[in-house]
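Just so you know, these numbers come straight off a predicted model, no measurement behind them.
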Amino acid sequence: MEMYIVLAVTLFMMVMFIWHKFPFGVTAMTCCAVLAATGVIGLQDAFNGFGNKIVVLIAPMLALSAVLTKTSLVARISTMMNAMKGKRGILLILMFYLIGAIFAQFIPSTAVITIMVVFLMTLGNTGDITAKRLLLPLLGILCAWKFRFPIGMGAATFATLNGLYEGIYPEPQYALTMMDPFIYAIPSMIVLTLYCVFAWKLMPKEEGLNEKALKEAKKTETLSHGQEMYVYAVFIIVMVLMILNKWTGNLLYLAPAFGVLALIYGKVLRVDEAVKAMTSDMVWMIAGVLVVADALGKSGAGDAIGTLVLDLLGGHPSSMMVMLVFSAATVIMTTFLSNMATQTVLIPIAASVALAGGWDPRGVVLIIGTANMFALGFPSGSGEAAVAFAAGGYNPVKVLKFTVPYMILAIISCAVTAQIMYPLY
């Protein structure tokens, strides 16, 4: 009976994540409450996710990343862009892409695309290189580069992915390391960047951007030079402690928390700002999903899901075929659904299938954790996609000749890289 309850709760969670009528955190906490109310887990266990080392790492990292937006980093890059106004050709395109890729490591992509639209509007509507022809390819760059480097939120990617499947597949030798997501994403970043460098010519020549569709970017308070240097110093120390986790041990998970305390002590970050960042919907969702994933593993429900999907795949499918199936499923789902919903729904399924087949789960988990960002083809896929399609006034059908090859390249590059790095057997 416990297994059936867990299966029902998991199905409910997946449907609610896809529907996204309520915040992810509300859905995840509701699932935990149901598991406790039905006696599947204890009341204390239902909220153990908040004490999980994954949440301890991610929550303060959100606060640290938020402080970076107060520095003059954006303003300095804006100055670089202004210096490029008179340029044309491939150099101009590369500069837009480079700035977008840098921003994407520190700032949420919805804010990045809004900022970049302001820069694009300086191009005008005449000639080959226009704002409308570059906006969607620029979104493609953001999708390929979003939080990929092991700095800022990108440093916590491995922990997030591990948290979504460690309750189902607990063997430590199959856990991802901090550098795995970054190394794995390099081929797809290169392939998709090269595609966007040349394929912007596939975009139709039409009138300019729709300025009315853009929301005014929020202005944040800026820091003094001394405060900025203090923020950079704290951030660098935290990153070094995390990167050297082989020697620093548990400091990998505690370093961001110490960093937040240092910023509060230095009066760079207010306590209320830190609390707001560390209690975001993302934190509540991850804490709840960790509990549900653990219940999937302990109840046998995960094994049942894995066996069912494995049977659908043919019992003994080739490793490459499985990689392609999960890569295609992720890219297609994230085109229409939110990034986080796609990742949260598919990773427990992938881990369950790997467990049932006796496979190494890291390849399929990395596929999902990377490909879930490739929300390019439809405005409902992500906040940044919604902004780009609204500002560009794009008809999703009319830009298929750009978006479909992008998605195909994303599917193939993710599957091939996973097969090379972590084949199933």
Asks: Within the side chain of Arg133, is there an N or O that forms a donor-acceptor pair under 3.5 Å with the backbone of Lys201?
Replies: yes

Asks: Roughly how far, to the nearest 0.5 Å, is CG of Asn162 from CG of Leu176?
Replies: 4.5 Å

Asks: With distance as the sole test, does Gln105 use its side chain to make a donor-acceptor pair with the main-chain N or O of Trp145 at under 3.5 Å?
Replies: yes

Asks: Could you grab the distance from atom SG of Cys196 to atom CG of Leu202, nearest 0.5 Å is fine?
Replies: 10.5 Å

Asks: Mind checking the OG1-NZ spacing from Thr370 to Lys146? Nearest 0.5 Å is all I need.
Replies: 12.5 Å

Asks: Keeping Thr334 on the side-chain end and Val331 on the backbone end, is there a donor-acceptor pair under 3.5 Å?
Replies: no

Asks: Output the distance between atom CG (Leu263) and atom CD (Glu273), rounded to the nearest 0.5 Å.
Replies: 10.5 Å

Asks: Say you draw a straight line from CD1 of Ile347 to OG1 of Thr342; how long is it, rounded to the nearest 0.5 Å?
Replies: 10.5 Å

Asks: Rounded to the nearest 0.5 Å, what's the gap from OG on Ser299 to CG on Leu7? Could you check?
Replies: 6.5 Å

Asks: Return yes when atom CH2 of Trp284 has more than 12 non-hydrogen atoms of other residues, nucleotides or ligands closer than 6.0 Å, and no otherwise.
Replies: no

Asks: Going by the angle between their ring planes, with limits at 30° and 60°, are Phe374 and Tyr406 parallel, tilted or perpendicular?
Replies: perpendicular

Asks: Check for a donor-acceptor pair, side chain of Tyr165 on one end and backbone N or O of Arg362 on the other, with a separation under 3.5 Å.
Replies: no

Asks: Taking only distance into account, with no hydrogens and no angle test, what donor-acceptor pairs under 3.5 Å do side-chain atoms of residues 166-173 form with protein atoms, sequence neighbours excluded?
Replies:
unit_1, atom_1, unit_2, atom_2, d
Tyr169, OH, Trp359, O, 2.6

